[in-house]
Number of protein chains: 2
Amino acid sequence: MRIVLLGTGNLATRLGIALHTRNAEIVQVYGRAESKASHLAKLLGCSFTCYKEEIIDETDIYILTVSDEAINEVLSGLSISHQLVVHTAGSVPMDVLAAFSKNIGVIYPLQTLSQNREIDFEDVPICIEANTNANLEKLKELAGLLSERVVTIDSAKRRQLHLAAVFVCNFVNHFYTIGEKLLQDAQLDFDLLKPLILETANKAMQFSPIEVQTGPATRGDEHVIGQHLKMLAQHPEWQKLYELVSEDIRSHRLEDPLRQLVKQDGKNDIK
Amino acid sequence: MRIVLLGTGNLATRLGIALHTRNAEIVQVYGRAESKASHLAKLLGCSFTCYKEEIIDETDIYILTVSDEAINEVLSGLSISHQLVVHTAGSVPMDVLAAFSKNIGVIYPLQTLSQNREIDFEDVPICIEANTNANLEKLKELAGLLSERVVTIDSAKRRQLHLAAVFVCNFVNHFYTIGEKLLQDAQLDFDLLKPLILETANKAMQFSPIEVQTGPATRGDEHVIGQHLKMLAQHPEWQKLYELVSEDIRSHRLEDPLRQLVKQDGKNDIK
């Protein structure tokens, strides 16, 4: 399967390298910035272009890794006949591709990618979707090169997955940022929080998160909550967040007899 | 060093077991619920009591693991002379103990503890504080049995650390809960999010979180943000949270030239 990669960002780089090392045949990279396109092409041992007119049509599949807004713009310049065109976006329906090809699909790796951090796709869920069974088989094969967790998910479910991912990844990472800044305020090292961050994530591997929720809001410890809100007086936006999240934790907490017993009898946890 | 454990919750259990397996001498457990006190005493090979009058005074240290509100109540019944009295709470100043003993301190293990999940204290930062150097040395010795990361931190800094811990642990775990519920709404398995949760936490081990923030808010992708807010119409409290956190991410994002270049040129990440 000959592949043309459209885009040169983090996803193009990570996906391209992963496919290349698994012997997929990437024939060309397209990107507007020559330095990035040539760099990625070198890594993948293929040609590159910065001009839409030069994107080759002798390929089996175009993989779009450009930003959501750029999808239409890039595709409008291509002469597509039989080729399979797929995008990689969480929140873009597959059907936006229908105007450009009769063979369309999506490959959405559910992971957060950053510069300077390598990623092993092996465990990463790759969500695929296609408009025909034949195309779906092709994408299964391609995604199967990357990961052992290939799942077929339609556009509506993928969008919901993306929304959930924003909470458990992007928003969580922002709370790490808040934690780091609160520690800086007290001249404390962010390293102190790292075992706690890891353990919190590891607990979610084993338990449903609601079952292992700890902290002042779950315990109903109004005294500590009041103290924390006062301490956040210099950061009104975090104060508001603290209030909202605590309120939401309270309204969702499990009212099981065991938790009640623990609450009466002693300390449920450190927080 | 002879130890009396006051409290029988998760912290008492985890701390007691860890100290016991490192050959600390726990002589008694006190807890109001007989079943819990006797169970923990059995695990620790010591006696127990449910009556304050029976708490023994032939000890070197009392470790309080009861809830914040119960500290005064438990201590008011004790006849303390020379013994060191320490509590284990993040947000309670050491000085609340001054009314009960001339030897006081704090041992605060910065970790989230749950039933049914064992914890290795080795990497857990143990924050200690004491009112004299001699008491601090005693606590260093005791905490050193548990962990290689013993740090001396005063009450004000410990309170700030606790506040930060609420964000990076309790609030983060609540976002895992929201993620799980959003997936349930779409009949998707929470397992799909697990590699993302772990990778997000692991990235924070290596980078300052603000440097690796990804997602629609950092990218300034108003289209996806608008879509997500619409999708949350059934959950107005999460919609409000989504708005607030996104706004806060936007106001904190790093405006470095590299990020700008990536934004113009292609896709920064999958989210």
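First the proteins, then the strands, lettered A, B, ... as listed; each starts at 1.
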Handout entry: Polar side chain donor-acceptor pair, Thr112(A) to Thr200(B), under 3.5 angstrom
Key = no
Handout entry: Contact class of Ala70(A) relative to chain B, heavy atoms under 4.5 angstrom
Key = neither
Problem - Phe171(B) and Tyr242(A) aromatic centres sub-6.0 Å - result: yes
Practice task
List the steps, then state whether side chain to side chain contact (heavy atoms under 4.5 Å, CB included) holds for Val224(B) with Asp68(A).
Solution key: CA-CA 9 Å; Val224(B) 167; Asp68(A) 297 1; 3.5 Å; yes
Handout entry: Most contacts with chain B, counted as non-hydrogen pairs under 4.5 angstrom, among Val172(A), Asp248(A), Leu6(A), Leu198(A)
Key = Asp248(A)
Handout entry: For chain B, the option from Lys181(A), Glu180(A), Met205(A) that forms the most heavy-atom pairs under 4.5 Å
Key = Met205(A)
Handout entry: Spatial distance of atom CG (Leu163(B)) from atom CG (Leu232(A)) [nearest 0.5 Å]
Key = 4.5 Å
Problem - Crowding at CD, Gln184(A) (>12 non-hydrogen neighbours, <6.0 Å) - result: yes
Problem - Max heavy-atom pair count under 4.5 Å with chain B, selected residue of Glu237(A), Met231(A), Glu69(A), Lys157(A) - result: Met231(A)
Practice task
Determine the option with the most heavy-atom pairs under 4.5 angstrom with chain B, choosing from Asp123(A), Asn202(A), Val151(A).
Solution key: Asn202(A)
Fill in the blank from the handout: On a heavy-atom basis, the closest approach of Tyr176(A) and Ala204(B) is CD1-CB, 3.8 Å
Problem - Heavy-atom pair of closest approach, residues Ile249(A) and Asn170(B) - result: CD1-O, 4.1 Å
Exercise for the section: Output the option from Cys127(B), Ala156(B), Ala164(B) having the highest count of non-hydrogen pairs under 4.5 Å with chain A. Expected result: Ala164(B)
Handout entry: Leu241(A) side, atom CG; Leu241(B) side, atom CG - distance, nearest 0.5 Å
Key = 7.0 Å
Handout entry: Heavy-atom closest contact (Arg149(B) atom, Pro195(A) atom, distance)
Key = NH1-CG, 3.4 Å
Fill in the blank from the handout: Applying a strict 4.5 Å limit to non-hydrogen atoms, the region of Ser208(B) in contact with chain A is both
Practice task
Please flag which part of Phe190(A) lies under 4.5 Å from any non-hydrogen atom of chain B: side chain, backbone, both or neither.
Solution key: side chain
Problem - Winner by heavy-atom pair count (cut-off under 4.5 Å) against chain A, out of Leu192(B), Leu244(B), Ile153(B) - result: Leu192(B)
Problem - Asn173(A) versus Pro209(B), closest heavy-atom pair with distance - result: ND2-O, 2.9 Å
Problem - Any donor-acceptor N or O pair under 3.5 Å, side chains Ser91(B), His228(A) - result: yes
Problem - Residue Lys240(B) excluded, over 12 heavy atoms near NZ under 6.0 Å - result: no
Fill in the blank from the handout: The interface call for Leu188(A) against chain B, heavy-atom contacts under 4.5 Å, is side chain
Handout entry: Contact origin within Thr13(A) toward chain B - heavy atom pairs under 4.5 Å
Key = neither
Fill in the blank from the handout: dist Leu161(A):CG -> Leu182(B):CG (nearest 0.5 Å) comes out at 10.0 Å
Handout entry: Distance, nearest 0.5 Å, that separates SG of Cys169(A) from CD of Gln213(B)
Key = 7.5 Å
Practice task
Take atom NE2 of His39(B) as the centre, draw a 6.0 Å sphere, and report whether it contains more than 12 heavy atoms from other residues, nucleotides or ligands.
Solution key: no
Handout entry: Leading residue by heavy atom contact count with chain A [cutoff under 4.5 Å; candidates His174(B), Gln227(B), Gln160(B)]
Key = His174(B)
Problem - Most chain B-contacting option - heavy-atom pairs closer than 4.5 Å, from Asp185(A), Val92(A), Asp191(A) - result: Asp191(A)
Exercise for the section: Check whether Ile178(A) gets within reach of chain B through its side chain, its backbone, both or neither, counting any heavy atom under 4.5 Å. Expected result: side chain
Practice task
Against chain B, work out which of Lys203(A), Glu247(A), Arg14(A) has the most heavy-atom pairs shorter than 4.5 Å and name it.
Solution key: Lys203(A)
